[in-house]
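Notes follow once the structure below has been shown.
A, B, ... follow the sequence lines: proteins, then strands. Residue 1 opens every chain.
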Amino acid sequence: MVTATRLPSNGVLADQLDLLADLSELLGDQGFRVTAYRRAATRIRETPGSVAEMALVGTAKELQGIGKTIEDKIVEAVRDGEMSALRKRREQVPEGLVAFLRLPGLGPKTTARIWHELGVTTLEGLREAAEAERLRTLPGLGARSEEKILEALRKGADGGAPRRTPLGVGLPAVLEAVETLRGHPAAIRVSEAGSVRRRRESFRDLDLIATATDPGALTKAFVQLPLVAEVVAHGDSKATAISGNGLRFDLRVVPPESFGNLLQHFTGSKEHNVALREDAVRRGFSVSEYGVTTVDTGEVFTTGDEEEVYAHLGYQFIPPELRENTGELEAARQGKLPSLVELGDLKGDLHAHSTWSSDGKATLEEMALAARARGYRYLAMTDHSHYLRDGRLELQAAAIAELNGRLAPFRVLHGIEANIRADGGLDVSDAALEGLDWVIASVHTSFDKNPTERILEAVENPHVDCIGHLTGRKLSRREGADVDVERVVERCLATRTVLEIDSQPDRLDLRDVHARLAGEAGLPVCIDSDAHSVGALDYVEYGVAVARRAWLTKEQILNTRTWAQIEKMRG
DNA sequence: GCCGTTTTCGGCCCGACTGTTTTCAGTCG
């Protein structure tokens with residue numbers, strides 16, 4: 001039996017297919033085959049379980065975009081480390097050429113011509129050819145093209161392409177901008193769009209879309225927002241601005257009669273829109289940002305309401321969070337979309353810290369009062385185990401009991417966040433854990449040291465109720481541990497242990513695809529703030545976004561229940 | 001190379017922009 005850890009990861013498989021696509025394109029392969037490789041790569045990246053494992057048992061081809069041929073290629077990659085088609089094409093294409101494709105404006109056609117007709121195969125050679133004005137000898141390339149290539153080379157490959165920023169950095173700013181613009185007298189409708197509307201965990205820029213009685217007045221108000229530090233472009237219907245903290249905002253003002261079509265288009269994702277349009281073509285429609293055309297009659301349907309775009313095409317309304325072409329179109333066609341969990345469904349929070357942890361900013365009482373003010377019925381105080389030794393755990397228990405005496409019926413649960421040590425053991429004794437209401441076990445160190453085995457050991461501990469921030473990732477700072485999520489979910493189900501979506505903006509861990517995997521397996525998930533201060537209780541907004549992107553309903557979220565219901569579930 | 005509420009063959013999203021061109025190919029999102 002081959003163990004899962006030896007198989008190529010989904011990322012490795014996807015990278016191979018993307019490279020295969022690049023090389024095939026440079027060799028002039030048929031475009032649709034190239035598209036198929038890229039689609040398969042995207043699909044594999046977004047699949048939570050091991051696609052290599054699926055290919056070995058012949059179920060990878062059940063994934064949308066993967067057929068028999070690509071499944072065979074994946075099996076080859078498992079067996080030989082690399083797909084044979086990839087090896088073959090590597091031999092035919094000079095290694096340096098793929099880097100050309102990363103330069104803005106240079107695509108496969110132009111690159112192939114530079115290669116074949118000028119014999120240029122490295123970035124350095126490309127720079128020399130541009131400086132010697134040899135590129136302009138090719139038909140279709142001129143002086144301006146040489147300039148652009150030189151400029152791109154100076155910036156370096158991918159130069160100037162903004163890096164992805166975590167959702168938590170941009171969402172408050174974009175929502176504030178939306179609110180402010182909505183209050184402007186010229187505004188009719190204003191919405192965020194793009195990946196931030198889908199609540200993707202990170203973004204490149206922040207899109208806003210609006211209708212107005214006076215578009216010029218609204219774009220002017222936009223570039224004068226207090227958060228704007230630099231105006232990149234400013235016209236009547238479009239403006240781009242950079243905020244003080246470097247975020248890029250794009251506003252488009254569009255005609256009211258097609259606001260719905262445009263909002264749908266600019267919300268994306270690209271993959272969702274492409275699939276939607278392909279499906280529409282099969283049904284005799286042509287969809288663009290300007291309207292839905294019935295091909296037979298030429299009749300164009302435009303609408304101010306996005307819901308009507310979906311209705312016109314025969315779909316249930318698809319919440320933005322689901323628009324990633326991962327099954328939402330089929331489900332919406334059949335009217336089987338899940339009713340997604342909402343912020344207001346949460347009845348409590350099962351992961352929070354107080355001043356009993358040295359990094360906590362608020363007292364137990366301050367945290368409890370803030371939770372109660374949010375409308376919660378309970379709050380689990382789960383301070384770090386490290387600070388609760390030498391009798392302090394008992395002292396904290398007494399403090400919580402006293403608090404509960406005053407705050408009832410609100411309930412402060414006495415919990416702990418125990419550390420999963422490098423050897424897999426917990427840093428708290430079973431005896432100490434036994435008296436607690438809620439035990440979270442989390443990995444905080446040695447992320448690369450057998451993370452799956454250590455987590456599984458914690459899962460098997462009968463006192464552990466929840467595994468905290470499963471992979472330990474920090475967005476844009478640290479990759480998460482390479483945890484075998486399927487195995488963890490399987491053992492969690494068997495031991496009635498739950499997984500949390502840690503809502504800290506730089507964690508969001510479980511991430512969306514992992515949370516979806518858990519949900520599909522039937523494992524309850526909790527949405528926790530992991531708050532270290534009163535204000536951080538609000539972070540659950542991000543956790544709810546992750547849960548929605550994971551297709552999770554209220555029923556699948558543990559803390560949409562009362563504490564009594566949770567205790568009953570745990571048996 | 002994938003896929004099917006017209007199809008197992010013959011299709012495969014749509015439009016804007018750019019640079020080079022007198023009508024378009026390539027690239028991008």
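The side-chain hydrogen bond (donor to acceptor under 3.5 Å, both in side chains) pairs that include a residue from residues 17-28 of chain A are A:Asp18-A:Arg45, A:Asp22-A:Arg38, A:Asp22-A:Arg102, A:Ser24-A:Arg89, A:Glu25-A:Arg38, where partners are two or more places apart or lie in different chains. Within the structure, every pair that satisfies the side-chain hydrogen bond (donor to acceptor under 3.5 Å, both in side chains) test and touches residues 219-242 of chain A, not counting sequence neighbours, is listed here: A:Thr240-A:Asp250.
In this structure A:Ala40 satisfies the side-chain contact (heavy atoms from CB on, under 4.5 Å) test together with A:Leu17, A:Ile66, A:Ile70, sequence neighbours excluded. For A:Glu179, the salt bridge (Lys or Arg N to Asp or Glu O under 4.0 Å) criterion is met by A:Arg182, not counting sequence neighbours. Partners of A:Glu342 according to the side-chain contact (heavy atoms from CB on, under 4.5 Å) rule, which considers only residues two or more places apart in sequence or in another chain, are A:Asp345, A:Arg548. Residues satisfying the salt bridge (Lys or Arg N to Asp or Glu O under 4.0 Å) test with A:Glu71, not counting sequence neighbours, are A:Lys61. Residues meeting the side-chain contact (heavy atoms from CB on, under 4.5 Å) test with A:Asn245, sequence neighbours left out: A:Val169, A:Ser243, A:Leu247. A:Glu486 pairs by the salt bridge (Lys or Arg N to Asp or Glu O under 4.0 Å) definition with nothing, not counting sequence neighbours.
Regarding contacts with the backbone of B:dC13, every side-chain N or O of A:Ser288 stays at 4.0 angstrom or more from both OP1 and OP2.
Rounded to an integer number of Å, the gap from A:Glu278 CD to B:dG1 C1' is 13 Å.
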Assign a letter to each nucleotide of nucleotides 24-29 of chain B from its 5' end: B, base within under 4.0 Å of a protein heavy atom; S, sugar-phosphate only; -, no contact.
--SSSB

Show each protein N/O and nucleotides 5-8 of chain B N/O combination with a separation under 3.5 Å, one pair to a line.
none

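Listed by residue number, the members of residues 12-41 of chain A with any heavy atom below 4.0 angstrom from DNA chain B are A:Gln30, A:Phe32, A:Arg33, A:Ala36, A:Tyr37, A:Arg39.
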Counting only pairs under 3.5 Å, give me each side-chain donor-acceptor contact of residues 284-302 of chain A, with atom names and distances, residues two or more places apart or in other chains.
unit_1	atom_1	unit_2	atom_2	d
A:Ser288	OG	A:Tyr290	N	3.0
A:Thr297	OG1	A:Glu299	N	3.2

